[in-house]
Amino acid sequence: MVPEKPSLDGLEDKWAARWDAEGTYRFDRTKTRDEVYAIDTPPPTVSGSLHVGHVFSYTHTDAVARFQRMRGREVFYPMGWDDNGVPTERRVQNYFGVRCDPSLPYDPGFTPPDKPGKQEIPISRQNFVELCDRLVVEDEQKFEELWRTLGLSVDWSMTYTTIGDRARRASQRAFLRMLVRGEAYQSEAPTLWDVDFRMAVSQAELEDRELPGAYHGVRFAGTNGDGDIVIETTRPELIPACVALVAHPDDERYSSRFGTSVTTPLFGVEVPVLPHALADPEKGSGIAMICTFGDTTDVVWWRELQLPTRTVMGRDGRLLAQPPDWGEAAPDAETLYGELAGKTAKQAQARIVELLDEHGELVGAPKPITHPVKFYERGDRPLEIVSSRQWYIRNGGRDPELRAAFLERGRELRWHPAHMRSRYESWVEGLNSDWLISRQRYFGVPFPLWYPLDADGEVDYAHPLMPDEARLPVDPTSDVPEGYTDDMRGKPGGFVADPDVMDTWATSSLTPELAAGWEDDPDLFARVFPMDLRPQAFEIIRTWLFSTIVRAHFEFDGLPWTDAAISGWVLDPDRKKMSKSKGNVVTPMEPIRQFGADAMRYWAASGRPGVDTAVDEGQMKVGRRLAIKILNASKFALGVMGDDGSPDSSTITEPLDRSMLASLAALVANATTSFEGYDYARALDATERFFWGFCDDYLELVKGRAYAGSDSARAALATALDALLRLFAPHMPFVTEEVWSWWREGSIHRTSWPSSDDLAAFAADDVSVYPAGAAVLGEIRKAKSEAKRSMRTDVLSVVVHAPAELRRALEPALDDVRGAGRVAGPTELVEAAELGVEVVLADPE
RNA sequence: GGGCGAUUAGCUCAGGGGGAGAGCACUUCCUUGACACGGAAGGGGUCAGCAGUUCAAAUCUGCUAUCGCCCACCA
């Protein structure tokens with residue numbers, strides 16, 4: 001039933017509801033692995049705001065999903081919600097005005113105030129987690145509404161979260177198995193530490209920021225009559241933590257001093273002068289002080305030169321109240337240290353520079369520089385390095401053989417676009433430590449471990465108590481290890497819980513296992529794992545993609561998927577990266593309402609795989625225009641072709657019709673190849689190009705014959721419309737479904753992708769009739785346009801000058817050209833080297 | 001410092017050894033029986049620069065410049 005005046009209005013709501021009611025995208029779990037196409041959907045961070053970036057990359061994946069579904073694969077397309085981790089924790093704090101205090105007991109009757117007060121209310125860990133759960137549900141609904149409006153073909157009965165029972169169970173089970181196999185281990189070691197979050201941070205969460213600083217020249221006095229050595233440091237406040245000086249072994253300025261010692265300024269602590277290849281003669285004065293710990297190089301030196309530890313930096317970012325163990329020191333060392341104790345790094349630096357100056361130990365004026373400083377990606381202050389006990393997962397950072405294995409996994413994986421692999425490789429090659437997975441947070445998956453206490457109440461970390469897998473998930477702060485009772489918690493001879501939670505990536509790295517029902521649903525798991533596709537953005541290759549490979553490699557000795565499709569960034573209209581802090585984030589619902597979901601998807605699909613793409617309302621308008629064109633062209637085709645739902649290809653006899661279908665066959669082959677290579681954009685581009693030509697030229701050429709009742713024209717229109725709607729369906733699911741419903745049964749999204757086989761009867765035909773007819777018609781239009789006349793103007797005569805080949809191609813289409821061009825008089829074909837058309841128009845009335 | 005990508009019309013971008021392309025914007029015209037939420041036609045480019053390979057280079061190779069991103073050891 002074709003409407004009088006087709007419209008895009010309301011299509012999103014109408015079809016989203018229908019698809020939901022009819023289960024159009026429901027996963028059929030009777031299918032076996034070889035019939036399934038499984039997608040490891042990125043679970044969006046629900047505490048984040050809705051963002052056009054979401055629309056962009058999820059549309060790409062959805063187009064691929066729809067293509068695969070039409071190709072006959074049963075698409076496993078679940079949706080996850082990432083509600084685990086620091087962003088959610090922060091959001092809950094701000095939203096409810098609360099703060100987690102794990103020492104408090106659970107209050108079952110606690111309700112947060114309507115509006116957050118000025119003072120954060122301290123609540124127990126369990127109360128905090130409950131508020132997280134509550135907020136997350138609200139956020140998930142907003143995302144689901146967006147995805148449904150956008151037309152994502154996910155099976156909404158197959159959702160998962162990264163903090164729910166299943167996720168905690170899977171994370172804990174995976175961790176325990178790694179612990180047993182020796183792939184996870186704990187270690188007391190210097191760790192990058194965020195002093196505001198009071199949390200250890202992994203290499204993958206670091207970013208460098210350029211900060212202003214200054215080289216301070218500082219004098220170290222020689223011992224045994226040696227001269228002074230002047231070092232340059234950007235962190236003079238760490239002088240009390242100095243354990244040695246170090247210079248390059250070949251540096252002649254210092255080679256005579258190796259093996260001697262100097263004393264630190266102010267504190268008079270004797271430290272050795274040592275050679276090490278990592279010291280850069282070009283930097284500063286070429287000799288550096290090693291502190292425990294100012295930077296990661298200090299850690300290397302400290303470890304390789306086996307230096308003592310003199311800790312001054314506290315976990316709160318302030319200098320410790322007590323000085324470190326210096327052994328021999330200047331008489332007033334402790335007094336001087338007292339000037340620094342309790343100060344932040346910045347405050348301590350200002351004070352120690354004054355002290356150095358007063359004591360004449362400062363050489364020259366500080367020289368301002370800017371230098372890269374390591375930050376936690378969400379943090380506000382530079383990271384410090386503190387020694388702490390943490391859990392690690394081996395990732396090849398300290399093991400060349402394992403590193404090679406992960407590089408090999410990266411080569412097994414098919415990357416789209418291919419060059420994205422180099423980001424993976426450079427990351428893996430640059431790893432310098434194992435993956436630190438413990439976080440000193442409250443909201444997350446707890447480590448499922450307890451530690452025994454000996455008779456003196458000392459914790460025995462070397463012999464963690466593990467729960468049986470059947471008990472998972474556990475919360476060790478409320479659950480009790482086998483063989484103990486709750487009243488033994490914290491008592492000598494009893495036990496204590498591991499206080500930490502896992503890094504959010506320790507759970508996210510299991511999304512394929514989680515979505516597939518690992519161990520919880522073995523039947524489903526066998527049908528969908530390992531998966532086909534991981535779609536994701538390039539900036540989390542080092543985290544999400546790599547860590548997912550690590551987990552599957554250890555647990556299943558294989559890749560978690562065969563293909564990775566890496567999307568680019570969405571930039572704001574001025575091509576700046578969008579970020580909350582810049583305030584240039586474009587929210588997606590408004591433009592979807594304004595232009596329509598298909599138009600929004602069109603914009604997204606026009607962004608090439610892996611290429612950064614700017615938000616462009618112009619492209620959305622073009623998409624809208626295309627959607628409207630599909631409605632109107634379909635209306636026309638259906639209007640003239642009768643109710644022929646299944647055209648008989650044997651009636652298509654006209655060379656023009658056959659020629660058009662021959663080029664359509666080529667288009668189908670092209671779009672199919674593009675989609676198979678995950679290039680949705682190229683598929684759409686080719687289809688769109690064909691379609692506009694089809695509307696401008698073929699529909700005009702065939703119009704007269706179709707009105708006159710030509711069986712060939714009608715069947716060709718039906719064949720072409722059928723195929724074109726299918727080709728557009730992955731990109732523009734709403735408008736194609738709407739048109740499909742005018743003349744076909746069922747959903748277009750459960751029909752098959754057009755194949756070259758469908759058009760095989762025409763594929764061998766001469767494609768040149770159609771373009772020849774179109775070219776001459778174009779010349780006639782041009783003549784009318786240049787004469788500033790209406791396209792309705794009658795043509796008195798036409799002389800076509802053309803080479804023989806073109807004339808031969810044109811001949812069978814001539815009647816249609818004459819009809820479409822309103823040529824009333826004679827048409828003559830003349831030999832010429834190039835196409836030229838003489839057109840004589842009727843006089844204006 | 002190492003790596004990846006980009007540089008094509010005013011703008012946004014395709015293309016990838018043999019005619020320089022699309023959309024937007026711009027100009028002119030057309031209310032025609034699918035479409036004014038239209039349509040037709042047109043103007044506009046030293047394909048960043050230099051060198052090389054080739055019968056032929058926007059395209060392949062090398063170098064340079066500029067931009068973006070990733071990585072790297074904060075003295």
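Here is the naming used below: chain letters follow the sequence lines, and residue numbers restart at 1 for every chain.
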Participant: Nearest whole angstrom, please: distance from the C1' of B/rC69 to the CZ of A/F538.
Facilitator: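 The answer, rounded to whole Å, is 6 Å.
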Participant: If we only count heavy atoms from C-beta on, is the A/L699 to A/F636 side-chain gap below 4.5 Å?
Facilitator: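 The answer is yes; the side chains approach within 4.5 Å.
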Participant: Using a 4.0 Å heavy-atom cut-off across all strands, classify A/W692 as base, sugar-phosphate, or nothing.
Facilitator: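 Result for A/W692 = sugar-phosphate.
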Participant: Looking at A/K629 and B/rC35, is any side-chain donor or acceptor paired with a base atom of the opposite kind under 3.5 Å?
Facilitator: yes
Participant: Mind checking A/I541 for me? I need base, sugar-phosphate or nothing, with any heavy atom below 4.0 Å counting as a touch.
Facilitator: nothing
Participant: Rounding to the closest angstrom, what is the interatomic distance between B/rC60 and B/rA14 at atom P?
Facilitator: 15 Å
Participant: Respond yes when some side-chain nitrogen or oxygen of A/Q203 is under 4.0 Å from OP1 or OP2 of B/rC73, and no when none is.
Facilitator: no
Participant: Any side-chain N or O of A/R781 less than 4.0 Å from the OP1 or OP2 oxygen of B/rA40?
Facilitator: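 For B/rA40, OP1/OP2 do not have a side-chain N/O of A/R781 under 4.0 Å.
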Participant: Looking only at side-chain N and O atoms, does A/K621 come under 4.0 Å of OP1 or OP2 in B/rA25?
Facilitator: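 The answer is no; no side-chain N or O of A/K621 sits under 4.0 Å from OP1 or OP2.
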Participant: Considering residues at least two apart in sequence or located in another chain, which fulfil the salt bridge (Lys or Arg N to Asp or Glu O under 4.0 Å) criterion with A/D280?
Facilitator: none
Participant: Using a heavy-atom cut-off of under 4.0 Å over every strand shown, decide if A/M791 touches base, sugar-phosphate, or nothing.
Facilitator: base
Participant: Are any of A/N632's side-chain N or O atoms less than 4.0 Å away from OP1 or OP2 of B/rG38?
Facilitator: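 Checking A/N632 against B/rG38: no side-chain N or O falls below 4.0 Å of OP1 or OP2.
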Participant: Work out how far the C1' atom of B/rC70 is from that of B/rC11, and round it to whole angstrom.
Facilitator: 28 Å
Participant: For A/K784 and B/rA41, is the shortest distance between a side-chain N/O and OP1 or OP2 below 4.0 Å?
Facilitator: no
Participant: Scan residues 774-784 of chain A for pairs that pass salt bridge (Lys or Arg N to Asp or Glu O under 4.0 Å), counting only residues two or more places apart or in two chains.
Facilitator: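 Found A/D697-A/R781.
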Participant: Select base, sugar-phosphate, or nothing to describe what A/E384 touches, counting heavy atoms under 4.0 Å on all strands.
Facilitator: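 Here A/E384 touches no strand at all.
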Participant: Taking the same atom, P, in B/rU53 and in B/rG44, what whole-Å distance lies between them?
Facilitator: 35 Å
Participant: Using a 4.0 Å heavy-atom cut-off across all strands, classify A/A279 as base, sugar-phosphate, or nothing.
Facilitator: base
Participant: Looking across every strand, which nucleic acid part, if any, lies under 4.0 Å from A/K283 by heavy atom: base, sugar-phosphate, or nothing?
Facilitator: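 Base contact.
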Participant: Using atom types as modelled and distance alone, determine if a side-chain donor or acceptor of A/W505 lies under 3.5 Å from a backbone N or O of A/T543.
Facilitator: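 Answer holds: no.
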Participant: Can you list the stems that include RNA chain B, where a stem is three or more consecutive Watson-Crick or G-U pairs with distances under 3.5 Å?
Facilitator: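 Expected stems, ordered by start: B:1-7 with B:65-71, B:10-13 with B:21-24, B:26-30 with B:38-42, B:48-52 with B:60-64.
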Participant: In whole Å, I'd like the distance from the CG atom of A/L431 to the P atom of B/rC70.
Facilitator: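 These atoms are roughly 17 Å apart.
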Participant: Within the structure shown, what part of the strands sits under 4.0 Å from A/C695 by heavy-atom distance: base, sugar-phosphate, or nothing?
Facilitator: base
Participant: Is there a side-chain polar atom (N or O) of A/R682 under 4.0 Å from OP1 or OP2 of B/rG15?
Facilitator: yes
Participant: Under 4.0 Å between any heavy atoms, over every strand shown, what does A/V622 touch: base, sugar-phosphate, or nothing? Just pick one.
Facilitator: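 If one applies the 4.0 Å heavy-atom cut-off, A/V622 turns out to touch the sugar-phosphate alone, with no base involved.
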Participant: Please work out if A/R542 contacts a base, only the sugar-phosphate, or nothing of the nucleic acid, heavy-atom cut-off 4.0 Å.
Facilitator: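 Answer is sugar-phosphate: A/R542 comes under 4.0 Å of backbone atoms only.
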Participant: Taking A/T191 for its side chain and A/W193 for its backbone only, find out whether a donor-acceptor pair lies under 3.5 Å.
Facilitator: no
Participant: Once salt bridge (Lys or Arg N to Asp or Glu O under 4.0 Å) is applied, what residue pairs with a partner in residues 419-428 of chain A remain, sequence neighbours excluded?
Facilitator: A/R411-A/E425
Participant: Please report, rounded to the nearest Å, how far the C1' atom of B/rA14 is from the OH atom of A/Y680.
Facilitator: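 For the pair A/Y680 OH and B/rA14 C1', the rounded distance is 13 Å.
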Participant: Using the C1' atom in both, what is the distance from B/rG15 to B/rA9, to the nearest Å?
Facilitator: 15 Å
Participant: Looking only at the side chain of A/I628 (C-beta and beyond, no hydrogens), which of the listed nucleotides B/rC35, B/rG5, B/rC37 gets closest?
Facilitator: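 Selected nucleotide (nearest to the side chain): B/rC37.
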Participant: Nearest of B/rG5, B/rU28, B/rA14 to any side-chain atom of A/K788?
Facilitator: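 Shortest atom-to-atom distance from the side chain points to B/rU28.
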Participant: Using atom C1' in both nucleotides, what's the gap between B/rC74 and B/rG5 to the nearest angstrom?
Facilitator: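 Here B/rC74 and B/rG5 have their C1' atoms 28 Å from each other.
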Participant: Over all strands shown, is A/D298 touching base, sugar-phosphate only, or nothing at heavy-atom distances under 4.0 angstrom?
Facilitator: nothing
Participant: If you draw the axis of the six-membered ring of A/Y602, does the NZ or CZ of A/K621 fall within 45° of it and under 6.0 Å from the ring centre?
Facilitator: no
Participant: Apply side chain to side chain contact (heavy atoms under 4.5 Å, CB included) to A/D250 and list each qualifying residue two or more places apart in sequence or on a separate chain.
Facilitator: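 For A/D250 the side chain to side chain contact (heavy atoms under 4.5 Å, CB included) partners, ignoring immediate neighbours, are A/H248.
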Participant: Take the protein atom CZ of A/R608 and the nucleotide atom C1' of B/rU12, then report the distance between them rounded to whole Å.
Facilitator: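 Computing the A/R608:CZ to B/rU12:C1' distance gives 12 Å.
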Participant: In whole Å, what separates the P atom of B/rC63 from that of B/rG2?
Facilitator: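 Result for the P pair: 12 Å, nearest Å.
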Participant: Of all residues at least two apart in sequence or in a different chain, which pass the side chain to side chain contact (heavy atoms under 4.5 Å, CB included) check with A/D434?
Facilitator: A/Y185, A/Y392, A/R394, A/N395, A/R398
Participant: Mind checking the P distance from B/rG16 to B/rC69? Whole angstroms is fine.
Facilitator: 27 Å
Participant: How many whole angstroms separate atom CZ of A/R624 from atom C1' of B/rC37?
Facilitator: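 One finds 6 Å between C1' of B/rC37 and CZ of A/R624, rounded.
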Participant: OP1 or OP2 of B/rG39 sitting under 4.0 Å from any side-chain N/O of A/R625?
Facilitator: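 So the side-chain polar atoms of A/R625 do come within 4.0 Å of the phosphate oxygens OP1 or OP2 of B/rG39, strictly under.
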Participant: Need to verify one output field. Residue with the more 5' nearest nucleotide on RNA chain B, A/P6 or A/P372?
Facilitator: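 Nearest nucleotide further toward 5': that of A/P6.
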Participant: Calculate the interatomic distance between A/D208 atom CG and B/rC71 atom P; express it in whole Å.
Facilitator: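 Distance check: A/D208 CG to B/rC71 P gives 8 Å.
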Participant: Considering only atom P, compute the distance from B/rA20 to B/rU27 and round it to an integer number of Å.
Facilitator: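 One P to the other, the span is 28 Å.
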Participant: It should be established whether A/K374 places a side-chain nitrogen or oxygen under 4.0 Å from OP1 or OP2 of nucleotide B/rC73.
Facilitator: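 For A/K374, the contact criterion (side-chain N or O under 4.0 Å from OP1 or OP2 of B/rC73) is met.
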Participant: Given the rule in the ring pair (Phe, Tyr, Trp, His ring centres under 6.0 Å) test, do A/W415 and A/Y424 qualify, once you have shown the distances and angles that lead to the verdict?
Facilitator: CA-CA 10 Å; A/W415 296 78; A/Y424 174 90; 5.5 Å; yes
Participant: May I ask you to say what A/L278 touches in the nucleic acid, namely base, sugar-phosphate or nothing, with a heavy-atom cut-off under 4.0 Å?
Facilitator: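 Contact class for A/L278: base.
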Participant: Would you find a donor on one side and an acceptor on the other, under 3.5 Å apart, between the side chain of A/R601 and the backbone of A/H731?
Facilitator: yes
Participant: Just the rounded figure in Å: distance from C1' of B/rC4 to CG of A/D612.
Facilitator: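 In whole Å, B/rC4 C1' lies 12 Å from A/D612 CG.
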Participant: Between B/rA72 atom C1' and A/H371 atom NE2, what is the distance in whole Å?
Facilitator: 16 Å
